[in-house]
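Some notes on the structure that comes next.
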There are 4 protein chains.
Amino acid sequence: MREELRIERKNRLLKAAAEVFCEKGYAGTTIADVATHAGIGKGTIYGYFSSKEDLFFDLFCWYAQGIMADTSFETSGDAGSIKDRFLAYTHDIIQEMLASVHMYPLTLEFWSAAASGNMRNRLKDAMEKMYDEYRQLIGGILQQGIAQEEFHPDTDTAAIASGIIATLDAMGLQYWINPDFDIQTAAMQTVSAILTGISVPPEQKWSSRIKAKTLTQRMIG
Amino acid sequence: MREELRIERKNRLLKAAAEVFCEKGYAGTTIADVATHAGIGKGTIYGYFSSKEDLFFDLFCWYAQGIMADTSFETSGDAGSIKDRFLAYTHDIIQEMLASVHMYPLTLEFWSAAASGNMRNRLKDAMEKMYDEYRQLIGGILQQGIAQEEFHPDTDTAAIASGIIATLDAMGLQYWINPDFDIQTAAMQTVSAILTGISVPPEQKWSSRIKAKTLTQRMIG
Amino acid sequence: MREELRIERKNRLLKAAAEVFCEKGYAGTTIADVATHAGIGKGTIYGYFSSKEDLFFDLFCWYAQGIMADTSFETSGDAGSIKDRFLAYTHDIIQEMLASVHMYPLTLEFWSAAASGNMRNRLKDAMEKMYDEYRQLIGGILQQGIAQEEFHPDTDTAAIASGIIATLDAMGLQYWINPDFDIQTAAMQTVSAILTGISVPPEQKWSSRIKAKTLTQRMIG
Amino acid sequence: MREELRIERKNRLLKAAAEVFCEKGYAGTTIADVATHAGIGKGTIYGYFSSKEDLFFDLFCWYAQGIMADTSFETSGDAGSIKDRFLAYTHDIIQEMLASVHMYPLTLEFWSAAASGNMRNRLKDAMEKMYDEYRQLIGGILQQGIAQEEFHPDTDTAAIASGIIATLDAMGLQYWINPDFDIQTAAMQTVSAILTGISVPPEQKWSSRIKAKTLTQRMIG
DNA sequence: TATGAATGAGGGTTCATTCAT
DNA sequence: TATGAATGAACCCTCATTCAT
């Protein structure tokens, strides 16, 4: 069978699996559920994944890759202060989140599977790598801000990066718990506060704020 | 009194259940596991909880109560600025977290159980209440800061409160994933940045803030 | 639960399992079959045996013990020559075989399970022990015969013992294949020939031969 | 010719099947295993055999034919007494057995398949025929011995024939169970004893015994 | 003819729950 | 009240067989 075709089918399966695992949870999902949802026979799944656990783990990898690829700082906002661009980036991420909030339970499944059970170590390792990358990414941006004298040189970029990530991570949870929760505002305000908090004094800040305004308006409008 | 004895035994069972669910996850835990760990017979559990789900849900309630009670702003730090006291409070919370990090997987189990399965609604409701309370609590402190003219009066306290909570929530996750992660520093730095970000200025800060706020509000609203 | 009761139930299960495995073979038997035949629930079996393989292996041990215990040289025949007593013993064994020929397929299952599959080593070891014991037993009797100057002193008792055992073993097979096969005659004649063949010389041999024949005839007729 | 090619391929398949069934047993072998071992595609097997059972049954027939053809009394030993020639024949058979002992498990598979399952009747019938032929063969030799006044005229040739066959059959089992078992000696001694046991009178018997011993010694030593 | 992807019936095993003791 | 033996529904996974290519 053509390798290409095989990969395409595998991805279709992963998509179906994502939906079912999301809906019913890992333990609550049967292989038959996934097969039915994918419109194929139960046994066929085992031609692509060697076990339910493998399917789930592969799903995590596939999903994580997708998330990392979905938004990028580079493409968020045009020229502007780092802070403004980062806020635009944050905005993109939250928009992404909102667009895929119906999949949020899947994230919780991944976390819980990383907490216990047979996949724990595999998942923890993969997640560690993912978080490291992510922290690296955010940390790098913050350092750009320092280099451009926008952020205070003493800023513990690693710490702040992880704080921002944590904020975004768990905002999703609050939103999932209560869809009335205004995740965009909460995220923007919090990230904004953090960045303000590490910004260098008054006078420079002023101009950056103005820009942010113009920028944001364009984006959202 | 009979009732008291019963409650005490129930709590012993909950404690045992917490440990086992934490270790093996909800799905990976059998009633027999819990019974064995509690040193009682399997059937006895059903004298206290009518099903595995009920046991788990009761455990959540019990656990959530404990968490809310463990630390308090009032007792954290002595007199000082709100920011300083809040940082001390944060420090206490993280210490608490570190002390009970071995139970962190349990939190992930609760989240995942809130994401899907039969307990979803029950748990979501309970969590919603918990987060509301928590946001109220943090929000109240922030408002104290505003009242004392320490924080900017336009601060979206609800948004910032949820941001702080999110930060603390998900910091635990990063620590769980990688025990080398310096959670204390990360949390303190992030919260500090947030609080600095909403603090009233250096006199100039004032005006810049006004604009920013108006902007955001317009944008998001 | 009283240990005694447990053992009794275990034996009832083994009996049921023997019948079903015999009827349908190891692979063709489902745990459900055994449970139904034993009049209990499917899951109950796992309270007594930890897997289908264990059940089968335990069954072999139980069965082998039973076989070894069923007949004994000591109690076969009254005083007389070793040869006569041994022929009587053979007769007893064949009678035993005939009485339980409906279980012969089970023996074939044991052999085939010793040939391949996960139980191979366990079973081979157990069978080796069984055959060793059996050869020891028969060999000992032959040596008595030598001591009493009834059998030729050069007799390779180990070889002959294994030959006799082989004869009895595989006679069952021929009988199983074709119930018209006269197993009693075949076994008695063969064993008689063997014993005659190792008996000390001419003059005595002749008469003993006559007797043996007469004896056999009496027994079979 | 097409048909020839087909038969040749069928035989290659049977050979592969024999090896795999021997290694893993009937139940433990998958059609895919056989196909892989034969270096062909899974589906192709069904071009030659209509089911797994048919493959196995055909294998039995093929295998049985091979066994019957492998050794012959006519070609064993040179001129000499029937007994000596038969001992030589026995020796050939055991040599054959030793050469193919790695395939012994297959024999056990055949037996167990004849004991239960869907192929039982087919296999039993085939085996019955095989044993009948074999007993006929051995019985005929014994009768030659009687005709030549070497064996006692009262000898129950059918019984003794089946005894000899049983001996050889089950000797293989003891050897399979324990490779240290000296199957050559055991078989030769036992068959020798049997033949001695049915040999005509005293005086000749003695000398023939000596010879037998010498012969055996030569062959085994 | 040869292939191997797809299928789904079937079986070993687990475990929440019940209930007789 | 406490127990744990018994239960059987449910599920993961295997594999003989089919069939489109």
Side-chain angles (χ1 to χ4, degrees), chain A residues 1-2 5-6 9-10 13 27-36 38-55, chain B residues 2 5-6 9 26-36 38-56, chain C residues 1-2 5-6 9-10 13 26-36 38-56, chain D residues 2 5-6 9 26-36 38-56:
Chain A
M1 189 199 232
R2 265 171 44 244
L5 187 60
R6 189 182 161 76
R9 290 191 185 178
K10 199 165 174 170
L13 275 181
T29 296
T30 69
I31 288 289
D33 287 336
V34 177
T36 301
I40 60 171
K42 193 171 26 141
T44 308
I45 293 192
Y46 289 88
Y48 294 89
F49 306 93
S50 57
S51 68
K52 189 186 178 188
E53 282 186 359
D54 271 10
L55 167 59
Chain B
R2 281 273 169 266
L5 187 64
R6 190 180 161 78
R9 285 189 189 178
Y26 177 75
T29 296
T30 69
I31 289 290
D33 286 334
V34 177
T36 302
I40 61 170
K42 206 174 5 152
T44 309
I45 291 188
Y46 288 85
Y48 294 90
F49 305 93
S50 58
S51 71
K52 190 187 178 188
E53 284 186 357
D54 273 6
L55 166 59
F56 190 72
Chain C
M1 190 197 233
R2 266 171 41 246
L5 187 60
R6 189 180 163 77
R9 290 191 185 178
K10 201 165 174 169
L13 275 180
Y26 178 75
T29 296
T30 70
I31 289 290
D33 287 336
V34 177
T36 301
I40 61 170
K42 189 164 40 131
T44 308
I45 292 192
Y46 288 87
Y48 294 88
F49 306 93
S50 57
S51 68
K52 190 187 178 188
E53 283 186 357
D54 272 9
L55 167 58
F56 189 72
Chain D
R2 281 271 169 270
L5 187 63
R6 188 180 162 78
R9 286 189 189 176
Y26 178 75
T29 295
T30 69
I31 289 290
D33 286 335
V34 177
T36 301
I40 61 168
K42 208 179 357 158
T44 308
I45 291 187
Y46 288 86
Y48 295 89
F49 306 93
S50 59
S51 70
K52 191 187 177 186
E53 284 186 357
D54 273 7
L55 167 58
F56 189 73

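So that the names make sense, note that chain A is the first sequence line, chain B the second, and so on, each numbered from 1. FYI, side chains are in, hydrogens and waters are out, and symmetry mates aren't considered; it's all heavy atoms of this structure.
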Grab the [atom1]-[atom2] distance between [X] and [N] for me, whole Å please.
X: I40(A); N: dC13(F); atom1: CD1; atom2: C1'; answer: 14 Å
X: I45(C); N: dA6(F); atom1: CD1; atom2: P; answer: 11 Å
X: L13(C); N: dA5(F); atom1: CG; atom2: P; answer: 14 Å
X: L55(D); N: dA16(F); atom1: CG; atom2: C1'; answer: 12 Å
X: Y26(B); N: dC15(E); atom1: OH; atom2: C1'; answer: 12 Å
X: K52(B); N: dT18(E); atom1: NZ; atom2: C1'; answer: 17 Å
X: Y48(B); N: dT17(E); atom1: OH; atom2: C1'; answer: 18 Å
X: E53(A); N: dC12(F); atom1: CD; atom2: P; answer: 11 Å

Contact summary for [X] and [Y], nearest pair of heavy atoms:
X: I45(B); Y: I31(B); answer: CD1-O, 3.7 Å
X: A27(A); Y: A27(B); answer: CB-CB, 3.5 Å
X: R6(A); Y: G47(A); answer: NH2-O, 2.9 Å
X: R9(D); Y: Y48(D); answer: CD-OH, 3.2 Å

Answer yes or no: is there a donor N or O on one side and an acceptor on the other, between the side chain of K52(B) and the main chain of Y26(B), under 3.5 Å? yes
Looking at dT1(F), I'd like to know if its phosphate oxygens (OP1 or OP2) sit under 4.0 Å from a side-chain N or O belonging to R9(B). no
Taking DNA chain F as the partner, which of residues 28-36 of chain A come within under 4.0 angstrom of it by heavy atom? T29(A), T30(A), I31(A)
Which of dT1(E), dT7(E), dA6(F) is nearest the side chain of T44(C)? It is dA6(F)
Report yes or no: do T36(C) and D33(C) form a side-chain donor-acceptor pair below 3.5 Å? no
L13(C) vs F49(C), test: side-chain contact (heavy atoms from CB on, under 4.5 Å). Steps then yes/no. CA-CA 10 Å; L13(C) 275 180; F49(C) 306 93; 3.9 Å; yes
Any base atoms under 4.0 Å from F49(D), or only sugar-phosphate, or nothing? Heavy atoms, all strands. nothing
Between K42(D) and S50(C), which has a closest nucleotide on DNA chain E that is more 5'? K42(D)
What N/O pairs connect the protein and nucleotides 19-21 of chain E at under 3.5 Å? Give each pair on its own line.
none

Strand DNA chain E in bracket notation, Watson-Crick/G-U under 3.5 Å with | for pairs to another chain: .||||||||||||||||||||
